[in-house]
Amino acid sequence: MSAPPDVLVVGAGVSGLSCARELVAAGRGVEVLDRARGVGGRCATHRLLGMPFDLGVPFLHGRNADYLAAVRASCPRRIEGWPRIVQGTGRPCQPEAFRPGEERIAPADGVATFPRRMAAGIPVRTGALVARLDLGGPLQGVVLEGGEEIRARHLVLALAPEQVLRLLNGVADPPRPLAAIRALLETSASEPSLSLCAAYPEGTPAPAWDAWYPEESRVLQVLGHESSKRDGPPLVGLVLQAQPGWSRMHLDDPGWPEALLAEAARVAGAWAGRPTATHPHRWRFARSDLASELAGPVLVRLPSGGSVGICGDRFAPGGGVEAAWISGRELGRRLAAPEVA
Ligand SMILES: Cc1cc2nc3c(=O)[nH]c(=O)nc-3n(C[C@H](O)[C@H](O)[C@H](O)COP(=O)(O)OP(=O)(O)OC[C@H]3O[C@@H](n4cnc5c(N)ncnc54)[C@H](O)[C@@H]3O)c2cc1C
């Protein structure tokens with residue numbers, strides 16, 4: 001049997017990978033677990049008819065120099081400044097992406113290039129859903145769906161706040177600081193998003209815009225022109241993202257993809273409602289609400305000498321991928337400090 005890792009990170013999204021990278025660089029033993037088949041979480045790219053579609057965050061943006069350097073180093077093929085041609089005055093998913101000083105980058109092979117490159121050299125186990133935590137003993141434990149237990153001295157939860165809360169709520173008699181953090185996380189209200197990748201038939205003229213934020217639609221938040229991010233795209237493709245309020249109302253409605261296409265046709269023309277292939281995705285927790293963001297990650301020391309850390313997009317100012325990366329890096333550095341080892 002292999003020795004337990006020093007640090008177990010739950011979540012191979014940008015925050016978990018950023019934390020794990022700091023720990024690996026400091027020579028600490030790390031294992032990252034993720035329930036999905038691949039890494040990246042909400043920084044997700046899906047291939048449809050041979051073209052990458054970004055079905056979560058549509059592009060990377062930020063103003064932190066280290067973050068932007070990391071994105072550029074991981075994504076040598078990229079379009080700077082995307083979306084360059086914006087139509088409509090509706091509210092973008094993250095309005096600060098368009099403020100002065102913010103830099104926008106669309107990786108030409110999809111946003112998931114960034115987490116995939118970050119994962120190089122990090123032991124990641126995919127298909128590993130953590131069903132519950134066991135914080136009672138000298139080592140912190142996670143129990144996977146199926147019953148397997150994995151233990152480590154330190155545990156990092158790098159998940160959407162609601163997913164952290166679900167795991168913490170299953171801990172009987174948690175240490176006081178964790179109970180307090182649980183109460184804080186109760187105030188989280190991540191916005192959901194229903195997203196649809198749509199590939200159009202040969203001969204469809206490419207739209208003149210990169211992104212369209214329709215100001216009067218209660219259904220569609222954005223029509224993203226995916227093929228405008230790609231080098232020599234094989235087809236015209238859009239990603240349709242629904243408004244958070246509409247998404248919340250239709251999360252369990254099986255007819256939402258058709259409703260989204262009908263609205264795309266109304267907004268952009270009949271062609272937009274007639275794709276040859278689609279791929280729907282339901283994000284229950286797409287973005288944490290701006291009002292509930294915290295200044296930094298959390299690190300709680302346990303009586304056993306181990307610790308539980310929490311990072312993610314809610315745990316640094318500004319939210320989104322940049323905050324996820326910054327909070328993961330900070331937590332990794334704190335855990336790598338000699339006094340925590
Ligand atoms: C539609 C959409 C639009 C967005 N638009 C923007 C935008 O414009 N700008 C921006 O900056 N951000 C945007 N975001 C948000 C951005 O993608 C996230 O803030 C960021 O990717 C979060 O990274 P993370 O590592 O904190 O969490 P995640 O990426 O969610 O990573 C968490 C990981 O944990 C895994 N996991 C969850 N539960 C378990 C479990 N029990 N056991 C094991 N693994 C588990 C998940 O599979 C996932 O891989 C958008 C997101 C979506 C979905």
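Read the numbers this way: they start at 1 and go in the same order the structure lists the ligands and their atoms. In this chain, numbering begins with 1 at the start of the sequence shown. Just so you know, these numbers come straight off a predicted model, no measurement behind them.
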Enquirer: Tell me, which protein residue and heavy-atom name are nearest atom 34 (O) of ligand 1, and how many Å apart are they?
Expert: L159 CD2, 3.2 Å
Enquirer: Out of R77, R230, R78, which one pairs with D109 under the side chain to side chain donor-acceptor pair (under 3.5 Å) rule?
Expert: R77
Enquirer: Quick one: do the H281 and S195 side chains pair a donor with an acceptor below 3.5 Å?
Expert: no
Enquirer: Please verify whether a non-hydrogen atom of H61 lies at under 4.0 Å from ligand 1.
Expert: yes
Enquirer: E80 and salt bridge (charged side-chain N to carboxylate O under 4.0 Å, His left out): which partner among K229, R72, R104?
Expert: R72
Enquirer: For P58, state whether at least one heavy atom is located under 4.0 Å from any atom of ligand 1.
Expert: yes
Enquirer: Does at least one non-hydrogen atom of R287 fall below 4.0 angstrom from an atom of ligand 1?
Expert: yes
Enquirer: Do NZ/NE/NH1/NH2 and the carboxylate oxygens of R333 and E22 come within less than 4.0 Å?
Expert: yes
Enquirer: Do any nitrogen or oxygen atoms of L129 lie less than 3.5 angstrom from nitrogen or oxygen atoms of ligand 1?
Expert: no
Enquirer: Nearest heavy-atom pair of G328 and S18: which atoms, and what distance?
Expert: C-OG, 3.4 Å
Enquirer: Determine, using heavy atoms of C311 and all atoms of ligand 1, whether some pair is separated by less than 4.0 Å.
Expert: no
Enquirer: Looking only at distances, can you tell me whether any N or O atom of S15, backbone or side chain, sits closer than 3.5 Å to an N or O atom of ligand 1?
Expert: yes
Enquirer: Would you tell me which option among S18, A44, C93, G62 has the nearest heavy-atom contact to atom 5 (N) of ligand 1?
Expert: C93
Enquirer: In terms of relative ring orientation, are Y200 and W271 parallel, tilted or perpendicular, with 30° and 60° separating the classes?
Expert: perpendicular
Enquirer: Would you compute the distance between atom CD of E263 and atom CD of Q243 and round it to the nearest 0.5 angstrom?
Expert: 9.5 Å
Enquirer: Hey, mind stepping through L135 and V308 against side-chain contact (heavy atoms from CB on, under 4.5 Å) and telling me if it holds?
Expert: CA-CA 9 Å; L135 307 181; V308 175; 4.2 Å; yes
Enquirer: So which heavy atom in the protein is nearest atom 35 (C) of ligand 1, and how far is it from that ligand atom?
Expert: D34 OD2, 3.3 Å
Enquirer: With atom 44 (N) of ligand 1 as the reference point, say which of R104, R35, R314 has the nearest heavy atom.
Expert: R35
Enquirer: Could you tell me whether ligand 1 has any atom less than 4.0 Å away from a heavy atom of A128?
Expert: yes
Enquirer: What do you reckon, does Q94 have a nitrogen or oxygen under 3.5 Å from a nitrogen or oxygen of ligand 1?
Expert: yes
Enquirer: Can you check which of A97, G16, G56 brings a heavy atom nearest to atom 2 (C) of ligand 1?
Expert: G56
